[in-house]
Each structure stands twice: as C-alpha cells, then as structure tokens.
Amino acid sequence: MIPKLLTTLSGNEITTSEEWERYRREECMTLLSEYVYGKAPRYIPDDIKYTSEIVNENLDGLTLKKITVSFKGFSFTVRAFYKPSDKPLPTFLYYMHINEQLEYDIESVPETLNIPIKYIAEKGYAVIVMYFTSVYTDDLNRTDYNSSMFKVFSPPRSERSGDEWSAIGAWAWASSRIMDYIETDSTFDKDNVAVVGHSRGGKTALWTGATDKRFSFVVSNSSGCMGAAILRGKLGEHLDYITTHTDWFCKNLDKFVENEDMLPVDQHMLLACIAPRLLYVESNSLDEWADPESERKGAKLASEAYALYGMKGIVIPDTPELDTPYHDGHIGYHVSEGKHKIRKHDWEKFIAFWEKNRG
C-alpha cells in the first residue's frame, strides 16, 4: 500500500499548508533521510572558502567562470557559463555524469547531447555545470568512502551506520554549497535558481530541492526508481538492482529489497516536499526502466501537497500526448518520444514552463 501523503504517523489528517510544513513534511523528510538518502552533516566546515575566476571572456560568445569550494583539504570546482548582463541572471545548476564528462569538453565547446549550454545562455540564463566526479566518484559501487568528499566527513565503510549518507546525499550537499556561493555573486539571481538532472542526476535534483528550499525550481528527467517514480508496482528498476549496483543510497534501504511494501516512504513524499515551489517531471516514452507511468503517478499523488497551498499540481490527461508540454499546474510535465535521454527540445519546455510561472 502506498503511504498516504496527508496522514501523519500518528494517524492525523493534514488539512492546511501550516500543518503540512510543521508536521507531515518534517516526518517525510525524516523518513526519507533515515531510509533512502541518508543523513548529511548538519554543519558546514568552519574553514570553508569560496573562490571564483573568469577563465574565458569569449567562449563562443559566452563568459566562462570557474567557482571552487574548498574545506578541510578538499575542493571541488564547477563551471558557470553566461552572457554578461546588467541584471542578475536566472540560473540552471546541471549535473553532468561521468560518461558525458568524458565525451565532451565543455570548456572548449559549450554544448553536449544532454545540455545545450550556449542555447540556454542566449535565452538569458546562466548555466552552472557540476561534474559528479568532482564531488564523489561516479563509478558504480566501487568506493570505500575514504576518498573524495567523504574523506572529510564519513567513517570507513565498515564503520558506517545504516543511515549514513551516500552519493546522492553528497551531491545534494555540494549543491547547497554552490547555492551559498550564488548568494554572494550578483551575476546570478539567487531567488531564481533551478536544479536539473537526468537519470541519477534527476534523483539528485529532487533530493537537492527537497533539502534546500532556496532552489526555486526543480527538474527531474527520467529519474525513475527512487526518483520521481512510485516504487510500488513500477516496471523496470527496483531495489534489488539499485542497492547492489550503486552507492547512491544509505544502507538502510537494503533492508527492504525483499519486501518493498514495508518501506515507510514512497516517492510522492519526496516530490511533495518541494511544494509549493515549481517542479518539473519529464519522462521518456520508451524508458521502461524508469517507467513513465509511475513517474506520472508520483507527480499526481504529490499534487495533494500543492493543493494545500491553493495551487494546482500536475494537470495532465489520462494518456498524455508525446512531446506535448503540460504547464497548467505548478508541476510541469511532458513525455518525450524515445529512450532514456534528455535533449534540447526538453530544455525548451523546461524554459517555457519557468518563464510562464517564474515570480
């Protein structure tokens, strides 16, 4: 049975946004932290430092700025692309996975299959790209937590508790540190920052948006299992695979491999924790592994939280048409024809939704 979104653990019904914020949202975030994404450190290192440098003032018409976050002997760098403006720019933070990073040199050509950086910048946006590998290895299940950012915060694998954070938690925590920097740099509109991810990046974008309310727009593309898709009854990927082939989630999730119905959360609870901010769920029609129908179901169930704020959630017909944007609610949606990808025409729809609803 899918957990009821607006019923607390004590059995009380949530009827107002104030009750949601005070009680049920807190419950949902606690459960998601304990059983799925793990608990991130509650502190920011006291020696943390943010630096930036413009390394190219004319990269195919764009400015390229590198932003570095450093603390406790560790650092990671992200790349920001934009056209200079006399006003702060609404900003997309995008996650780049290892295959894309190895295939494309965005410091030479600001364009990849998954993100048309120059096109987005010319539409009046800044684009910040975070390589997953700069924060934590993007290989599958091959780390002992003695390297990268975990070396600063976490004990070795053998000493880790079941609710210790893992890859997605680390990537989300790093995203918040980038947001810390954005608030200090007038290049970026700190009140209009979106986080966007595809596949594992979509899962990360959703957790980032849930844990940090400063992100005003959250975009998930084919995030599937433990992303936007309802776990119970979905097709494709399930816990038996995702817990043995990745280091994305805390070890407590492993306990539910043989009985997913006992997991005290499902993904509508994650999506609902983004309310009342803007959310976009995008699916691909041939992506059975992620399961578009279960992603739509997650968005539909999460819409109950938006209703508490007097807002529409997702507004779609029972059978959405391919490549048709549904932008009438505060949860945008479309399903692209094809396999597990994010493409330029998806970005066009994300931008159209944000421009319709921003502010």
Side-chain angles (χ1 to χ4, degrees), residues 1-10 14 19-42 95 154 160-176 195 197 200-215 218-220 223-232 234 237-239 242-243 246-257 259-277 279 281 290 294-295 297-306 308 313 331:
M1 179 181 294
I2 298 174
K4 292 183 179 179
L5 181 64
L6 301 185
T7 301
T8 68
L9 294 176
S10 59
I14 298 297
E19 290 175 345
W20 164 258
E21 293 280 352
R22 186 173 182 180
Y23 302 114
R24 184 57 173 161
R25 186 183 188 279
E26 289 299 313
E27 281 187 348
C28 290
M29 290 298 296
T30 298
L31 292 169
L32 289 162
S33 296
E34 183 172 350
Y35 293 106
V36 183
Y37 302 99
K39 298 177 180 178
R42 292 183 176 273
Y95 302 122
S154 298
R160 288 167 62 85
S161 60
D163 62 1
E164 288 271 1
W165 62 333
S166 193
I168 286 178
W171 294 329
W173 188 90
S175 304
S176 289
V195 58
R200 76 197 71 174
K203 306 178 203 295
T204 305
L206 292 171
W207 187 234
T208 297
T211 55
D212 194 333
K213 293 181 179 181
R214 294 176 296 176
F215 290 96
V218 180
V219 181
S220 157
S223 58
C225 182
M226 309 319 294
I230 290 293
L231 178 64
R232 290 160 170 86
K234 81 177 291 293
E237 188 174 32
H238 273 269
L239 296 189
I242 207 167
T243 59
T246 79
D247 268 331
W248 296 340
F249 305 101
C250 72
K251 299 307 290 182
N252 277 344
L253 190 61
D254 296 7
K255 301 174 183 178
F256 301 93
V257 168
N259 193 347
E260 293 178 346
D261 283 342
M262 290 297 290
L263 184 65
V265 298
D266 212 323
Q267 296 311 101
H268 62 309
M269 297 163 70
L270 171 63
L271 302 184
C273 287
I274 296 167
R277 290 164 291 144
L279 171 63
V281 175
S294 290
E295 291 182 321
K297 188 173 184 179
K300 289 177 182 178
L301 291 173
S303 296
E304 293 180 351
Y306 283 82
L308 294 175
I331 302 178

Using only atom types and a distance under 3.5 Å, with no angle test, would you say the side chain of [X] pairs donor to acceptor with the backbone of [Y]?
X: R160; Y: S154; answer: no
X: K203; Y: L206; answer: no
X: R277; Y: G209; answer: yes
X: R25; Y: A305; answer: no
X: S303; Y: A299; answer: yes
X: E164; Y: K39; answer: no
X: Q267; Y: L231; answer: no
X: K297; Y: A229; answer: no

Are [X] and [Y] close enough that some pair of their side-chain heavy atoms sits under 4.5 Å apart?
X: L270; Y: M226; value: no
X: F256; Y: V265; value: no
X: T243; Y: K251; value: no
X: Y95; Y: S175; value: yes
X: I331; Y: I274; value: no
X: L9; Y: L31; value: yes
X: R232; Y: D261; value: yes
X: D163; Y: Y35; value: no

Given side chain to side chain contact (heavy atoms under 4.5 Å, CB included), test L5 with W20 step by step and report yes or no. CA-CA 10 Å; L5 181 64; W20 164 258; 3.8 Å; yes
Working to the nearest 0.5 angstrom, can you tell me the gap between [X] [atom1] and [Y] [atom2]?
X: K234; Y: D266; atom1: NZ; atom2: CG; value: 10.5 Å
X: E27; Y: T7; atom1: CD; atom2: OG1; value: 10.0 Å
X: I230; Y: C225; atom1: CD1; atom2: SG; value: 11.0 Å
X: S10; Y: R24; atom1: OG; atom2: CZ; value: 9.5 Å
X: E304; Y: K4; atom1: CD; atom2: NZ; value: 10.0 Å
X: L253; Y: L239; atom1: CG; atom2: CG; value: 5.0 Å

**Item:** With H268, the side chain to side chain contact (heavy atoms under 4.5 Å, CB included) member among C273, C28, P3
**Value:**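 When C273, C28, P3 are each tested with H268, the side chain to side chain contact (heavy atoms under 4.5 Å, CB included) holds only for P3.
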Shortest non-hydrogen contact between [X] and [Y], atoms and distance:
X: S223; Y: S220; answer: OG-OG, 2.7 Å
X: V281; Y: A228; answer: CG1-CB, 4.0 Å
X: R214; Y: D212; answer: NH2-OD2, 2.8 Å
X: A302; Y: L271; answer: CB-CB, 3.6 Å
X: V195; Y: F215; answer: CB-CD2, 4.0 Å

Please determine whether side chain to side chain contact (heavy atoms under 4.5 Å, CB included) holds for the pair T8 and I14, giving the CA-CA distance in whole Å, both sets of side-chain angles, and the decisive distance to 0.1 Å. CA-CA 7 Å; T8 68; I14 298 297; 3.6 Å; yes
### Query
Do K213 and E21 meet the salt-bridge criterion of a basic N to acidic O distance under 4.0 Å?
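Answer for the salt bridge query: yes.
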I'd like to know if E19 pairs up with R22 as an ion pair, taking the criterion as any Lys NZ or Arg NE/NH1/NH2 lying under 4.0 Å from an Asp or Glu carboxylate oxygen.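 Here E19 does not pair with R22 in a salt bridge, since their nearest N and O are not under 4.0 Å apart.
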W207 vs Y37 aromatic rings, parallel, tilted or perpendicular, using cut-offs 30° and 60°?
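It falls in the parallel class, under 30°.
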(message) Between D247 and S166, does the side chain to side chain donor-acceptor pair (under 3.5 Å) criterion hold? Intermediate values first, please.
(response) CA-CA 6 Å; D247 268 331; S166 193; 4.7 Å; no
Ignoring hydrogens and geometry beyond distance, is a side-chain donor-acceptor pair present between W171 and T208 at under 3.5 Å?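 W171 vs T208: no donor-acceptor pair found between side chains.
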> Does the pair F249 and D254 meet the rule for a side chain to side chain contact (heavy atoms under 4.5 Å, CB included), with working shown?
Replying inline: CA-CA 9 Å; F249 305 101; D254 296 7; over 6 Å; no
